[in-house]
Amino acid sequence: NRVLLGCFVLHYVHRALIFPLLIREGKPTPFFTFVLALMFCIFNGYLQGRSLSNYATYPPGWLKDPCFITGFIAWLLGMAINIHSDHILRNLRKPGETGYKIPRGGMFEYVSGANFFGEILEWFGFALSCCTTESLAFALCTLFILGSRARQHHQ
């Protein structure tokens, strides 16, 4: 349970503390969108934390189970793709440049929303490692929310 909670916390430490320090400038986020995202993260954080700390039980040797290992590798790969894709996006424009640029490199050579793909892979890997209803619900929410954003960005 600690390993799985650690995966969850590691993602959000990066997303909430490290990522904001790396971004230069961008479009402001609408307040309503911010509030909805905050509410989702608070609810989901509670749900995942409560599930893994109070309800999910794993047999001895779970960390060696193929289900856990496959999910953990997918989670790790998804996080790496997400971080690398964010790096590519942050460095698209030189300081002072404006306008749209098509990202190149990394997973952007295969999918137009590589950052979204990475995060979706990350949370489905997490769900496979956890094997809980709560983690699957989170992965599906991620797929629907980020999938629609990826489609908009592609268009």
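Linking Ile, Leu, Val, Met, Phe, Trp and Tyr whenever their side-chain heavy atoms come within less than 4.5 Å puts Ile42 and Val35 in one cluster. Both Phe126 and Leu76 are members of a single hydrophobic cluster when ILVMFWY side chains are connected at heavy-atom separations under 4.5 Å. Connection of Leu5 to Tyr46 is not established within any shared hydrophobic cluster, with ILVMFWY side chains joined at heavy-atom distances below 4.5 Å, either directly or through further cluster members. Met79 and Leu22 are members of different hydrophobic clusters when ILVMFWY side chains are connected at heavy-atom separations under 4.5 Å. The cluster map of Ile, Leu, Val, Met, Phe, Trp and Tyr, joined by side-chain heavy atoms under 4.5 Å apart, puts Leu77 and Tyr110 in the same cluster.
Within the structure, salt bridge (Lys or Arg N to Asp or Glu O under 4.0 Å) contacts touching residues 102-115 (residues at least two apart or in different chains) do not occur. Sorted by first then second residue, the side chain to side chain donor-acceptor pair (under 3.5 Å) pairs that include residues 142-155, not counting sequence neighbours, are Ser112-His154.
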Please set out all donor-acceptor pairs under 3.5 angstrom arising from side-chain atoms of residues 128-135, sequence neighbours excluded.
residue: Ser129; atom: OG; partner: Phe68; partner atom: O; Å: 3.1
residue: Ser129; atom: OG; partner: Phe72; partner atom: N; Å: 2.8
residue: Ser129; atom: OG; partner: Gly125; partner atom: O; Å: 3.3
residue: Thr132; atom: OG1; partner: Ser135; partner atom: N; Å: 3.1
residue: Thr132; atom: OG1; partner: Ser135; partner atom: OG; Å: 2.8
residue: Glu134; atom: OE1; partner: Ser51; partner atom: OG; Å: 3.2
residue: Ser135; atom: OG; partner: Thr132; partner atom: N; Å: 3.4
residue: Ser135; atom: OG; partner: Thr132; partner atom: O; Å: 3.0

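Distance check, rounded to the nearest 0.5 Å: CZ of Phe19 to NE2 of His87 gives 12.5 Å. Taken from CG in Asn44 to CE in Met39, the straight-line distance is 13.0 Å, to the nearest 0.5 Å. Summarising the geometry, atom CD1 belonging to Ile145 is positioned 10.0 Å from atom CD1 belonging to Ile120; distances are rounded to the nearest 0.5 Å. Rounded to the nearest 0.5 Å, atoms OG (Ser85) and CZ (Arg90) are 10.5 Å apart. Atom CE in Met107 sits 8.5 Å away from atom CG in Leu121 (nearest 0.5 Å). Here Ile81 contributes atom CD1 and Phe116 contributes atom CZ; the two are 14.5 Å apart, rounded to the nearest 0.5 Å.
Summarising the hydrophobic clusters (Ile, Leu, Val, Met, Phe, Trp, Tyr; side-chain heavy atoms under 4.5 Å, direct or chained), the residues clustered with Leu36 are Phe32. Here Tyr55 sits alone; no ILVMFWY side chain lies under 4.5 Å from its own, so it joins no hydrophobic cluster. Think of Leu47 as one node in a network of Ile, Leu, Val, Met, Phe, Trp and Tyr side chains linked at under 4.5 Å; its network also takes in Phe43.
Put simply, the side chain of Trp75 reaches to within 4.5 Å of the side chain of Leu10, judged on heavy atoms. Taking 4.5 Å as the limit, some side-chain heavy atom of Phe138 sits within range of a side-chain heavy atom of Phe40. In this structure, Phe108 and Asn115 have side chains that are in contact, with non-hydrogen atoms separated by less than 4.5 Å.
His11 is linked by a ring-ring contact (aromatic ring centres under 6.0 Å, His included) to Trp123, counting only residues two or more places apart in sequence or in another chain. Applying the side chain to side chain donor-acceptor pair (under 3.5 Å) criterion to Asn82, with sequence neighbours excluded, gives Arg15, Glu119. Applying the side chain to side chain donor-acceptor pair (under 3.5 Å) test to Asp65 and every residue at least two apart in sequence or in another chain returns nothing. Scored by the ring-ring contact (aromatic ring centres under 6.0 Å, His included) test, Phe144 finds no partners at all (sequence neighbours excluded). Judged as a ring-ring contact (aromatic ring centres under 6.0 Å, His included), and not counting sequence neighbours, Phe34 has no contacts. Qualifying salt bridge (Lys or Arg N to Asp or Glu O under 4.0 Å) partners for Lys64, counting only residues two or more places apart in sequence or in other chains: none.
When all heavy atoms are compared, the tightest approach of Pro103 to Leu92 is CA-CD2, 3.6 Å.
Although no hydrogens or angles enter the test, the distance criterion places a donor-acceptor pair under 3.5 Å between the side chain of Asn1 and the main chain of Leu52.
Ring orientation note: the planes of Trp62 and Tyr58 are close to parallel, at an angle under 30° on the 30°/60° scale.
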